[in-house]
Asks: 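My questions will all concern the structure given below.
Quick caveat: nothing in here was measured; it's all calculated off a predicted structure. Letters go in sequence order (proteins before strands), and every chain restarts at 1.
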Protein chains: 2
Amino acid sequence: MYDWASIRDFLLTARLGSTLKAAQALGVNQTTVMRRLRQLEADLGLSLFHRHQQGYRLSAEGQELLPLAEEMERQAEALGAKARERGRQLKGTLSITATELAAVRLLAPALPAIRQQFPDVSVKIVTTDARLDLQRGEADIAIRAGGANEQPGIVRQRLPDSVWAIYGGMALLETMGEPAEEAALARYPVIAGDGPLALAEPLVWLERQAGEGAVVHRSNSLPGLLAATKAGLGLCALPALAAGMEDGLGLCGALRRFPSPVWLCYHETRKADPVLRPVAAFLTQQIRQKRQLLEGS
Amino acid sequence: MYDWASIRDFLLTARLGSTLKAAQALGVNQTTVMRRLRQLEADLGLSLFHRHQQGYRLSAEGQELLPLAEEMERQAEALGAKARERGRQLKGTLSITATELAAVRLLAPALPAIRQQFPDVSVKIVTTDARLDLQRGEADIAIRAGGANEQPGIVRQRLPDSVWAIYGGMALLETMGEPAEEAALARYPVIAGDGPLALAEPLVWLERQAGEGAVVHRSNSLPGLLAATKAGLGLCALPALAAGMEDGLGLCGALRRFPSPVWLCYHETRKADPVLRPVAAFLTQQIRQKRQLLEGS
DNA sequence: GTTTGGTTCTGCATCGGTGCAGAATGAGCC
DNA sequence: GGCTCATTCTGCACCGATGCAGAACCAAAC
């Protein structure tokens, strides 16, 4: 069986008269179209085009097959249209809860795609560090990190891990150099967590590695840690999701990384919910495509 | 637009109930099917399957799209069937002339495919070193090497170059070692051409490189040269097409290679011939897929 | 309870398809 | 004649899709 995808190349080339124009329309290289057509011809066992310096012209066989290819295109488009329409039919509202970090970096970028896919579904984002109760309907979907507390009655879909790593301001790293191993950490000033963040494993680890009196700053908020690190006060453990896109921050690649699982959660009673399930599945796909964001470069 | 080819994965997985069976049916790896389906779902913006430990089961959306995918499959098969049928309609006879080497190594292997593609076309192969006159109808198609003698009224399609190189019997090469450069050739016994082969450029070149009295054997036929070389008499220039598949022969990779163009020729008055043109095009494709044969490993 | 067989899914190495740069060719225009 | 422009096609380098091996999981059979 030939490669169905190259029927598109056939159609575009037949319509536009040259592989170059077809390639531009398809968003690929001209060479690619030429080779795919050559392969298609070999698979079908005939020559679809006459090749000239001025372009590709349909051969007799090509003209005969063109209507069939067009019919196939119609079917393919019908399928795509139905898939899109399927989303359009959904109506309703959904509330999604997440930390501010996840909301800004993961949910917000996915909103346009969700809006396009499900135009009549209104999505409300609730950013909070509190664990809203999904069973009591305080939210429909939650993005949560950490594998410890599985609750009964909660269904989870795993997302790419959130990875914490050690970062430092560019200025600091250029002055003192990047720490090549954990033992070298004793030389560096570090920034530590406070309040709830005092318990975060990567921050605790860094503080323990650092020398006596190395802690130059403490903050109970992630933005606070981020800002202090960018200012060059010292090294700090940060989520790649937060630090990865910031200018002026450098990753200490030689040091430990701290992956922790992230989940998209909802209550099992909503498993068959006609709105929640498709949107949750779509959101999962969207986020998975951004895995390098979560996991750092 | 999604990738049309993955609709096949969708269909097979839906029918067989697991990506593993679908992959076996498609002749690819299970992982591949899984990833292509994941991509397809992302492109369509919905989830086609429920994934279980026991296999993939169609979701509601998947069930809705299945008939459309089946219709698309019908169209694709109709197109393939028409392409095959197109060849079946051709009836007639064609005679193809080539040297014995080309006939045995290029034409003969392509005959089954031609027979399958054009079952009612009877192909006759005329092996001769003489240049039959295409205009006078002594043959319909000729496979010819060398670019020099373009005749007016002859249309040519270029095939992969035929490459000559220096070969030696395994025994000889293991005893004396492989020549690392052209200067080293003076140490080796060589086999030279005779009769018409005395003019072949690679053979002439090798004879000139060799030292005084180095020619230990002469032959006026390619099989003769081949046999003498395999016997270990000396080094010899041979076409990769002839030497490439022979056991007991070693390529002297460090030395010069001699590419020469090969053409599939027919008379321009046959350009629109309903039998000749498709068969010639098909034959060209078949031979091009064997390029490594012509050009050596 | 244990084993067996089938399944999904992940990490890593590899290969083939893809893109890029450039040569060759021919049409059209000045 | 010479220039420009669009085209096809080739060689080379790279990246992403693919294959492979293995882990994890579950159902069914023993």
Asks: So if I take every side-chain heavy atom of A:Arg51 and compare against D:dC9, D:dC26, D:dG19, which nucleotide ends up nearest?
Replies: D:dC9

Asks: Hey, what do you get for CG (B:Leu48) to CG (B:Leu65), rounding to the nearest 0.5 Å?
Replies: 6.0 Å

Asks: Quick one: A:Leu26 CG to C:dG17 P, roughly how many Å, whole number?
Replies: 18 Å

Asks: Strictly distance-based, threshold 3.5 Å: is any side-chain N or O of B:Thr32 a donor or acceptor partner for the main-chain N or O of B:Val28?
Replies: no

Asks: Does B:Arg57 put a side-chain nitrogen or oxygen below 4.0 Å from OP1 or OP2 of C:dT8?
Replies: no

Asks: By the definition side-chain contact (heavy atoms from CB on, under 4.5 Å), identify the one residue from B:Thr99, B:Val262, B:Leu134 that meets it with B:Arg144.
Replies: B:Leu134

Asks: Checking side chain to side chain donor-acceptor pair (under 3.5 Å) between B:Thr19 and each of B:Arg36, B:Arg35, B:Gln30, which is the one that passes?
Replies: B:Gln30

Asks: Counting only distance, no hydrogens or angles, is the base of C:dG16 paired donor-acceptor with the side chain of A:Arg35 under 3.5 Å?
Replies: no

Asks: Can you tell me how far P of C:dG16 sits from CG of A:Asp3, to the nearest Å?
Replies: 16 Å

Asks: In whole angstrom, give the distance that lies between atom CG of A:Leu48 and atom C1' of D:dT8.
Replies: 17 Å

Asks: Over how many whole Å does the gap from B:Met34 atom CE to D:dG22 atom C1' extend?
Replies: 14 Å

Asks: What's B:Thr31 touching, base or sugar-phosphate or nothing? Going by heavy atoms closer than 4.0 Å.
Replies: base

Asks: Between A:Arg84 and A:Glu77 (salt bridge meaning N to carboxylate O under 4.0 Å), is one present in this structure?
Replies: no

Asks: Could you check B:Leu20 against B:Arg38 and say which one's nearest nucleotide on DNA chain C is further toward the 5' end?
Replies: B:Leu20

Asks: Between atom CD in B:Gln30 and atom P in D:dA17, what is the gap in whole Å?
Replies: 17 Å

Asks: Within this structure, what is the CD-to-P distance between B:Gln39 and D:dG16, rounded to whole angstrom?
Replies: 13 Å

Asks: Which nucleotide in the list C:dT8, D:dT7, D:dG19 gets nearest to the side chain of B:Asn29?
Replies: D:dG19

Asks: In terms of side-chain heavy atoms of B:Gln53, which of C:dT10, C:dT7, D:dC9 is nearest?
Replies: C:dT7

Asks: Ignoring backbone atoms, establish whether A:Lys21 has a side-chain N or O less than 4.0 Å from OP1 or OP2 of D:dA6.
Replies: no

Asks: Return the value, rounded to whole Å, for the distance between atom CG of A:Leu37 and atom P of D:dC9.
Replies: 10 Å

Asks: Is B:Tyr56 close enough to C:dC9 that one of its side-chain N or O atoms is under 4.0 Å from OP1 or OP2 there?
Replies: yes

Asks: If I take atom CZ in residue B:Arg36 and atom P in nucleotide C:dT8, what distance separates them, rounded to the nearest angstrom?
Replies: 15 Å

Asks: Quick one: is C:dT8 close enough that its OP1 or OP2 comes under 4.0 Å of any side-chain N or O from B:Gln54?
Replies: no

